[in-house]
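This report concerns only the one structure given below.
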Amino acid sequence: MLLRLGKVLVVFALVVTLTAHWALLQTVAWTSMLAGNLQSCSFHDAVVRTFDGHHPCPLCKAIASAKKSEQKNQTTFEQQRLDFLLVEGSVVLIAPSPVEISSANTFAASIPQKPPTPPPRGFFV
């Protein structure tokens, strides 16, 4: 039960952080507007009237004003400019000296042919 509550709280926090609550409220507003317009108009006219933007309902107006006030309340961060100082002189790149690679396989020669001790015995052998 506690784990489920934690998951619900995390989802709620993500929805609020990503401002998805405005999309959810706008969906509710459009659905109610469409249902109201369907009572007085044809389906095509109701859809056009709902989504044309010229006939907002009170909930749509409240959502728009709340979005604007939320954007004004957000702090704006000034971009800081990084200044790099020029250093006099030139940059010299030196190539590493070539490494000589031997063709002999020294790793295989260091492995003994047989293990130094017999393998361990288990309880069931």
Side-chain angles (χ1 to χ4, degrees):
M1 176 67 181
L2 188 59
L3 182 62
R4 186 178 190 128
L5 177 66
K7 288 180 181 179
V8 169
L9 289 175
V10 167
V11 169
F12 178 75
L14 283 173
V15 166
V16 171
T17 302
L18 299 174
T19 64
H21 58 289
W22 295 125
L24 181 65
L25 281 174
Q26 189 66 57
T27 303
V28 169
W30 283 332
T31 305
S32 64
M33 283 176 60
L34 184 62
N37 289 335
L38 281 173
Q39 293 176 353
S40 61
C41 313
S42 68
F43 180 75
H44 179 268
D45 293 338
V47 170
V48 169
R49 185 176 171 93
T50 300
F51 296 110
D52 67 355
H54 299 296
H55 307 94
C57 67
L59 184 56
C60 291
K61 291 177 184 177
I63 291 169
S65 66
K67 279 184 181 179
K68 282 184 183 179
S69 68
E70 186 177 84
Q71 288 175 354
K72 288 179 184 177
N73 291 340
Q74 290 178 349
T75 58
T76 57
F77 295 103
E78 293 182 20
Q79 286 185 337
Q80 293 182 352
R81 185 175 162 196
L82 297 176
D83 292 328
F84 295 100
L85 302 175
L86 295 177
V87 178
E88 288 190 28
S90 60
V91 177
V92 178
L93 299 176
I94 301 172
S97 61
V99 177
E100 190 172 318
I101 300 173
S102 64
S103 61
N105 191 352
T106 58
F107 180 73
S110 66
I111 299 176
Q113 296 298 326
K114 293 183 181 179
T117 58
R121 303 274 181 200
F123 289 112
F124 301 110
V125 179

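Note that this is a predicted model, so its numbers are computed, not measured.
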Using a 4.5 Å side-chain heavy-atom cut-off and chaining through intermediate ILVMFWY residues, the residues clustered with Val8 come out as none
For residues 35-46, the side-chain hydrogen bond (donor to acceptor under 3.5 Å, both in side chains) pairs (sequence neighbours left out) are Asn37-Thr50, Ser42-Asp45
dist Leu9:CG -> Arg4:CZ (nearest 0.5 Å) comes out at 12.5 Å
All heavy atoms of Ser69 vs all of Ala66, minimum pair found to be OG-O, 3.0 Å
Heavy atoms of Ala46 and Cys41 approach each other most closely as N-CB, 4.1 Å
Note: with side-chain heavy atoms under 4.5 Å as the link, the other cluster members for Leu34 come out as Trp30, Met33, Leu38, Phe43, Val47, Phe51
For Phe12, the ring pair (Phe, Tyr, Trp, His ring centres under 6.0 Å) test, sequence neighbours excluded, returns none
